[in-house]
Amino acid sequence: GIQVEQSPPDLILQEGANSTLRCNFSDSVNNLQWFHQNPWGQLINLFYIPSGTKQNGRLSATTVATERYSLLYISSSQTTDSGVYFCAASNTGTASKLTFGTGTRLQVTL
Amino acid sequence: DGGITQSPKYLFRKEGQNVTLSCEQNLNHDAMYWYRQDPGQGLRLIYYSQIVNDFQKGDIAEGYSVSREKKESFPLTVTSAQKNPTAFYLCASSATGGTGYTFGSGTRLTVV
């Protein structure tokens, strides 16, 4: 099956700083998503982005499918951005069976 | 408001017992999933269902069972055959093709 690797595994930022999280995947994909897991365990879908670029407020994501990577940009970070960011991908026929990376744990400090 | 409801939030199981985790969605999604998360790890797929009365094994199905008798419901049973069941269990649903992926708030299962 597809392999998904994320980097860095841990990241500490001061409030207001910008950051880039990376996701590499081992095969072509028909589904690529970014999720944020808050400290209480709730997972929120940030982007559905099998290719191209999307932006939502201070967050944006870019997937370069031909080079098998995706980037999540966080600008002007806030303490509420803390948590774990997961990349998940699929290359199955239904595109719905996601394989998750091990995540990037982000801590934003004052 | 549409969403996914998991219950209970916390569950304690004695050795040798079967327990069932509930997952209900009112998003009208065809597909539903169960994932397991261990501390500091990513999510691993246990079972998934793309349509009522049909489900498929994921990567770690041994010791688990599911049913999909209604579109809205996808309960997971953790059987006594699961040797290390202590984990955080997350249910999700999506539209066909994997868009609109939505997670429940999870159930923390502990073996005592």
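Letters A, B, ... mirror the listed sequences (proteins, then strands); counts begin at 1.
Aromatic pair B/Phe74/B/Tyr48: ring centres not closer than 6.0 Å. Outside the 6.0 Å centre-distance limit, the rings of A/Phe47 and A/Phe35 are not counted as a close aromatic pair.
Your options are A/Thr99, A/Val4, A/Val84, A/Asn45, and the one with the most heavy-atom pairs under 4.5 Å with chain B is A/Asn45.
With a 4.5 angstrom heavy-atom cutoff, B/Ser94 touches chain A only via side-chain atoms. Residue contact with chain A, scored on non-hydrogen atoms closer than 4.5 Å, involves the side chain of B/Leu45 exclusively. Using a 4.5 Å cut-off between heavy atoms, A/Gln37 contacts chain B through its side chain alone, with no backbone atom that close. Heavy-atom distances place the side chain of B/Arg108, and not its backbone, under 4.5 Å from chain A. Heavy atoms closer than 4.5 Å to chain A are found in the side chain of B/Gln37, but not in its backbone.
At least one side-chain heavy atom of A/Asp81 sits under 4.5 Å from a side-chain heavy atom of A/Leu106. Side-chain contact check for A/Leu46 versus A/Tyr85: some heavy-atom pair is nearer than 4.5 Å.
The existence of a salt bridge linking B/Lys71 and B/Asp30 is confirmed by a sub-4.0 Å separation between a basic side-chain nitrogen and an acidic carboxylate oxygen.
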